[in-house]
Amino acid sequence: MAVSEHTEPTTPDLMLAFYRRLYPFKSLFTWLNHEHAPTKLFTHREFAFTLQGDVYLRYNSFANADELKKQVCSLNPTRFEIGPVYSARPRDKKTVRPAAFSPQLRELVFDIDMTDYDPIRTCCSGADICKRCWRYISAAVRVLDRALREHFGYKHLLWVYSGRRGIHLWISDREALELTDDQRRALVGWLTVIQGGKEMHKKVNVRIGAKPLPPSLASAYKMLEPVFHELVLDDQDCFGSEEGWEALLHLIPDRDVVDVLREHWSSRPTRSSEAKWRDFEEEIAEKRAKKDKNAGLLAAAKEDIILQYTYPRLDAEVSKHRNHLLKAPFCVHPKTGRVCVPVDPRTIDDFEPERVPTVGQLLRELDRAP
């Protein structure tokens, strides 16, 4: 069942009670500050508030967790966001020379949004999300978490459910905090595989011709191939409709094979996605048996198609700049009322967005407690 059917939009009274009674300000402080006594990692950190009526207040900063809590309870924002650590306290921005005010440190952050998967999911669309299409997100989390730990050596990764249709990642290692914008762009570019707008059919261009996948992608491919069969072919049945199978045919670089498959599928439109994929694999095997020059290209295209339908779809702009703001963990999504809870990547496959508690539900449980 889609998350939109299990929601409880927030009210100002609910939010104020949540901030006063439940929001973990001290834990947030310790996470951002890395020490118990306040340092510049917290005192020079930007906080931005979204108030009722979409009023937006930037460049707020605080001396400690209690000061932050006092201001949040006073303003009662619908949500608040966390920005970088600046060279001066953000609240002093108007009195500091522009040249002396610049972002210095920032967690490396990533944002994966379910709407980027709309072209390849059949169960939901737009803001809706369910346990079935969440599996696209869980596959993305497993691939990205492993790549960042194994290839970059990062250890302090915090995955946070966005409260509606996506997930955020915060990396707090000192090396990540110190990355420049250029280094962030390079890192994100290395991790980005799905590229191109709606008009571009082929969104995976990671090799020349039929050369093997780069080792890092070959490792991700091994993780994603079973996901492709279970999720894309079996569950989502992405190639079941004519629109779906035509999208697949656009990615096959052999006109003869495309014509054969289109004719076969048009005459048997109820054929399942799994069966259509077997048809494609049989065409590749036939080309190999004949030692056709296109056999290697088709085998490479098969791998690229699996990556296109399963590899993480990153919102790259979120990660490239230190001054980008991102919603704080444990905030509440105003439309769903759901709390942005941390998620363990080791059990991400068992996470169910529709079971995440709403702020109203938490407060009612608190009231019932003895």
Side-chain angles (χ1 to χ4, degrees), residues 10 12 15-16 18-20 23-111 158 160 162-163 168-185 188 315-334 340:
T10 61
M15 290 308 301
L16 187 56
F18 173 69
Y19 290 135
R20 283 177 172 164
Y23 192 88
F25 289 101
K26 283 193 167 62
S27 296
L28 184 78
F29 167 83
T30 306
W31 170 61
L32 291 173
N33 190 64
H34 296 199
E35 295 180 26
H36 293 297
T39 69
K40 286 184 178 180
L41 281 174
F42 190 82
T43 61
H44 287 45
R45 174 83 63 169
E46 179 186 1
F47 290 87
F49 300 109
T50 303
L51 309 185
Q52 304 292 333
D54 283 335
V55 176
Y56 199 47
L57 301 179
R58 284 199 63 180
Y59 302 113
N60 302 277
S61 60
F62 305 95
N64 51 49
D66 290 338
E67 204 176 276
L68 171 62
K69 180 176 181 177
K70 184 178 178 182
Q71 182 74 325
V72 168
C73 291
S74 172
L75 293 173
N76 195 17
T78 54
R79 69 176 192 181
F80 62 92
E81 295 168 318
I82 299 171
V85 175
Y86 281 90
S87 48
R89 294 186 305 178
R91 63 184 174 192
D92 297 333
K93 180 177 184 288
K94 290 180 181 177
T95 61
V96 176
R97 286 182 300 106
F101 188 77
S102 61
Q104 302 291 299
L105 301 169
R106 172 75 163 118
E107 291 80 8
L108 179 60
V109 295
F110 291 90
D111 181 11
L158 178 67
V160 183
S162 72
H168 299 155
L169 169 62
W170 302 73
I171 304 176
S172 301
D173 297 62
R174 188 74 196 189
E175 296 85 352
L177 283 167
E178 293 173 349
L179 291 171
T180 65
D181 285 2
D182 285 342
Q183 289 169 332
R184 287 165 202 260
R185 272 191 288 272
V188 174
D315 183 346
E317 293 308 310
V318 170
S319 310
K320 289 177 180 178
H321 307 288
R322 280 171 293 184
N323 62 356
H324 190 92
L325 295 152
L326 193 63
K327 184 167 51 181
F330 295 107
C331 273
V332 175
H333 194 289
C340 300

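Under 3.5 Å, the side chains of Ser319 and Glu317 contain no donor-acceptor pair of N or O atoms.
The distance from the CZ atom of Phe29 to the CD atom of Glu67 is 11.0 Å, given to the nearest 0.5 Å. Rounding to the nearest 0.5 Å places CZ of Phe101 at 8.5 Å from CG of Asp92. For the atom pair OG of Ser61 and CZ of Arg91, the computed distance is 4.5 Å after rounding to the nearest 0.5 Å. With rounding to the nearest 0.5 angstrom, the CZ atom of Arg322 is 11.5 Å from the CG atom of Leu177. We find the NZ-CG distance between Lys26 and Asn33 to be 13.5 Å, quoted to the nearest 0.5 Å. Annotation: the span from Phe25 atom CZ to Lys70 atom NZ amounts to 13.5 Å, rounded to 0.5 Å.
Considering only heavy atoms from C-beta on, Phe110 stays 4.5 Å or farther from Val318 through its side chain. Contact annotation: the side chain of Glu81 never approaches that of Leu326 to less than 4.5 Å [non-hydrogen atoms, C-beta and beyond]. Between Leu158 and Pro329 there is a side-chain heavy-atom pair separated by less than 4.5 Å. Residues Ile82 and Leu32 are in side-chain contact: their nearest non-hydrogen atoms beyond the backbone lie under 4.5 Å apart. Counting only heavy atoms from C-beta outward, the side chains of Pro12 and Gln52 approach each other to under 4.5 Å.
Asn64 places no side-chain N or O within donor-acceptor distance of the main-chain N or O of Pro38, the cut-off being under 3.5 Å. Although no hydrogens or angles enter the test, the distance criterion places a donor-acceptor pair under 3.5 Å between the side chain of Thr78 and the main chain of Thr50. Remark: side-chain polar atoms of Asp173 are not paired, donor with acceptor, to backbone N or O of Glu175 under 3.5 angstrom. Side-chain atoms of Asp54 do not come within 3.5 Å of backbone N or O of Leu51 as any donor-acceptor pair. A distance-only check finds a donor-acceptor pair linking the side chain of Thr43 to the backbone of Thr39 [under 3.5 Å].
Counting all heavy atoms, side chain and backbone alike, Met15 lies closest to Thr10 at SD-CG2, 3.7 Å. The shortest non-hydrogen separation linking Thr180 to Gln183 is N-OE1, 2.8 Å. Of all heavy-atom pairs spanning Pro77 and Phe49, the tightest one is CG-CD2, 3.8 Å. Minimum interatomic distance between Leu68 and Phe42 (heavy atoms only, all atoms of both residues): CD2-CZ, 4.2 Å. Lys327 approaches Cys340 most closely through the heavy-atom pair CE-SG, 3.7 Å. Taking all atoms of both residues into account, the shortest heavy-atom contact from Leu105 to Glu178 is CD2-CG, 3.7 Å.
Here the options are Glu46, Lys40, Gln104, the test is side chain to side chain contact (heavy atoms under 4.5 Å, CB included), and the partner is Tyr86; only Glu46 passes.
In this structure, Phe47 and Phe80 have tilted ring planes: the angle between them lies in the 30° to 60° band.
Both cation-pi conditions hold for Lys93 and Tyr59: the charged atom is under 6.0 angstrom from the six-membered ring centre and inside a 45 degree cone around its axis.
A salt bridge links Asp182 to Arg185: at least one charged side-chain nitrogen sits closer than 4.0 Å to a carboxylate oxygen.
Listed by first then second residue, pairs satisfying salt bridge (charged side-chain N to carboxylate O under 4.0 Å, His left out) with a partner in residues 102-111 read Arg45-Glu107, not counting sequence neighbours.
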task: Give the intermediate values and the outcome of salt bridge (charged side-chain N to carboxylate O under 4.0 Å, His left out) for residues Lys69 and Asp66.
output: CA-CA 5 Å; Lys69 180 176 181 177; Asp66 290 338; over 6 Å; no
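Shown here is Arg58, whose CZ atom has more than 12 heavy atoms of other residues, nucleotides or ligands within 6.0 Å.
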